[in-house]
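Down below is the structure, laid out as C-alpha cells.
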Protein chains: 2
Amino acid sequence: MARALSDECCPHQKLVQGFNALSHPARIKILKHLSGFDACCCKEVVQHLDLAQSTVSQHLKVLVEAGLVQVRPERQSSRYEVDTEALASLSEALSLLTQTCVDAKENKKLRLEAEANEQ
Amino acid sequence: MARALSDECCPHQKLVQGFNALSHPARIKILKHLSGFDACCCKEVVQHLDLAQSTVSQHLKVLVEAGLVQVRPERQSSRYEVDTEALASLSEALSLLTQTCVDAKENKKLRLEAEANEQ
DNA sequence: ATCGTATATCGCCGATTAACGATGAAAGGT
DNA sequence: ACCTTTCATCGTTAATCGGCGATATACGAT
C-alpha cells in the first residue's frame, strides 16, 4: 500500500476523513434528514432512504467516525444528531483552502502584471 | 450494487464528486501545490509528492473530472491549474449545508422552549 | 530518423467500500 | 416469562480505489 503516504499522515487527516464522509450521496441525504427532524433514530432514516437497515447503520457509523454526527445511545433506540460545530469547522477549513487558492492566484496575477510593467 | 440509489441521481452528484476529490490526502496536497506555484506540470507535482508519475496522473484526473482543476494541454507538458471558481462553489455549497443544519437545530431548540412555556 | 522528455493509459494486485441478509443483544410491552 | 422492536455486528459478495510498472503517445531537439 501507500508506502509513500505514511509520512506526514496527520494534518489533513481529519479533513480528509470529513470530506470522505461527505463523498457518498446516501450520507449527504442522511445528514440533511438528520438536520430536519427530531426523531433521529436509525429506523427513521432507514424508512426515509429505502436502504437496508444494516447499510444505513454503516453509513451512520462512517459519519460518526468522521465526527460529523454524534450518537447518543438511548433506551432502545440510539439517537443521531448532526454535530453542527464539526460540520462548521469542516466548512471553515474548506473555505480556508479555497481562500488560499484564490489568494495565490491573485498574487500570481499581480506579479505577472508587475513584471510586464517593468519591461 | 445501489439498486436503491439510482433514483434522484443528480442534485448531489456534483457535490459528492467534489467531496470525493478532496477525500484523499495526496489530492489535497496536489491542490495546495498547484495553488502555490506557477509551473503546474505533472512532473513537478510528481517530484514534490514522491509518488509514481502514473499515480499522480490518476489523482490529477480525479481532480479534473470533479471540476476542481482545469487542464490545458500545452506543447509537451500539460498545465494544471486550480479552478478557484469551482472550489469556491463547492465551499459555498458546504457552507449552505452547514447553515441548513445549524438553522434547523436552532429552530428545534426554539420550538422546544416554546412547548415548555406552554405547559 | 532517432532519441529524450512529459503525459496518459493499461493491466494487474491487494485493500477497502458498499450492499445485503442473518444473527445477537438490549429494552419495552403484554 | 415471552414477544417485539431497534440497533449493531458479522460474513459474504461485487465493485471500486490506490498503488505500481510497463507501455503508448506526442513533441522538441539532435
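Chain A is the first sequence line, chain B the second, and so forth, proteins listed ahead of strands; every chain is numbered from 1.
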Kindly say if A:His24 contacts the phosphate of D:dC17, meaning a side-chain N or O under 4.0 Å from OP1 or OP2.
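So the side chain of A:His24 is outside the cut-off, no N or O lying under 4.0 Å from OP1 or OP2 of D:dC17.
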
Does C:dT17 have OP1 or OP2 sitting under 4.0 Å from an N or O in the side chain of A:His59?
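For C:dT17, neither OP1 nor OP2 has a side-chain N or O of A:His59 closer than 4.0 Å.
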
Rounded to whole Å, how long is the line connecting atom [atom1] of [X] with atom [atom2] of [N]?
{"X": "A:Glu44", "N": "D:dT5", "atom1": "CD", "atom2": "P", "value": "17 Å"}
{"X": "B:Asn20", "N": "C:dT17", "atom1": "CG", "atom2": "P", "value": "12 Å"}
{"X": "B:Leu60", "N": "D:dC17", "atom1": "CG", "atom2": "C1'", "value": "16 Å"}
{"X": "B:Arg27", "N": "D:dC17", "atom1": "CZ", "atom2": "P", "value": "9 Å"}
{"X": "B:Ile30", "N": "D:dG18", "atom1": "CD1", "atom2": "C1'", "value": "12 Å"}
{"X": "B:Leu63", "N": "C:dA8", "atom1": "CG", "atom2": "C1'", "value": "16 Å"}
{"X": "B:Leu49", "N": "D:dG18", "atom1": "CG", "atom2": "P", "value": "14 Å"}
{"X": "B:Leu51", "N": "C:dT7", "atom1": "CG", "atom2": "C1'", "value": "16 Å"}

Which nucleotide, [options], lies nearest any side-chain atom of [X]?
{"X": "B:Thr55", "options": "D:dC20, D:dC7, D:dG18", "answer": "D:dC20"}
{"X": "B:Ser77", "options": "C:dT7, C:dC20, D:dA8", "answer": "C:dT7"}
{"X": "A:Ser54", "options": "C:dA19, D:dT6, C:dA22", "answer": "C:dA22"}
{"X": "B:Lys61", "options": "C:dT9, D:dG18, D:dT9", "answer": "C:dT9"}
{"X": "B:Tyr80", "options": "C:dA8, C:dT7, D:dC20", "answer": "C:dA8"}
{"X": "B:Lys43", "options": "D:dG19, D:dT9, C:dA6", "answer": "C:dA6"}
{"X": "A:Gln53", "options": "D:dA8, D:dG19, C:dA18", "answer": "D:dA8"}

Could you check whether B:Ser57 gets within reach of a base, just the sugar-phosphate, or nothing at all, counting any heavy atom under 4.0 Å?
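Base, at least one base atom sits under 4.0 Å.
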
For atom NZ of A:Lys32, decide whether the heavy atoms of other residues, nucleotides or ligands shown that lie under 6.0 angstrom number more than 12.
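No, the 6.0 Å shell around NZ holds no more than 12 heavy atoms from other groups.
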
A:Val82 versus A:Ser35, closest heavy-atom pair with distance
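Shortest heavy-atom separation between A:Val82 and A:Ser35 comes out as CG2-N, 4.0 Å.
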
Is the backbone of [Y] close enough, under 3.5 Å, to the side chain of [X] for a donor and an acceptor to pair up by distance?
{"X": "B:Ser57", "Y": "B:Gln53", "value": "no"}
{"X": "A:Thr98", "Y": "A:Leu94", "value": "yes"}
{"X": "A:Ser91", "Y": "A:Leu87", "value": "no"}

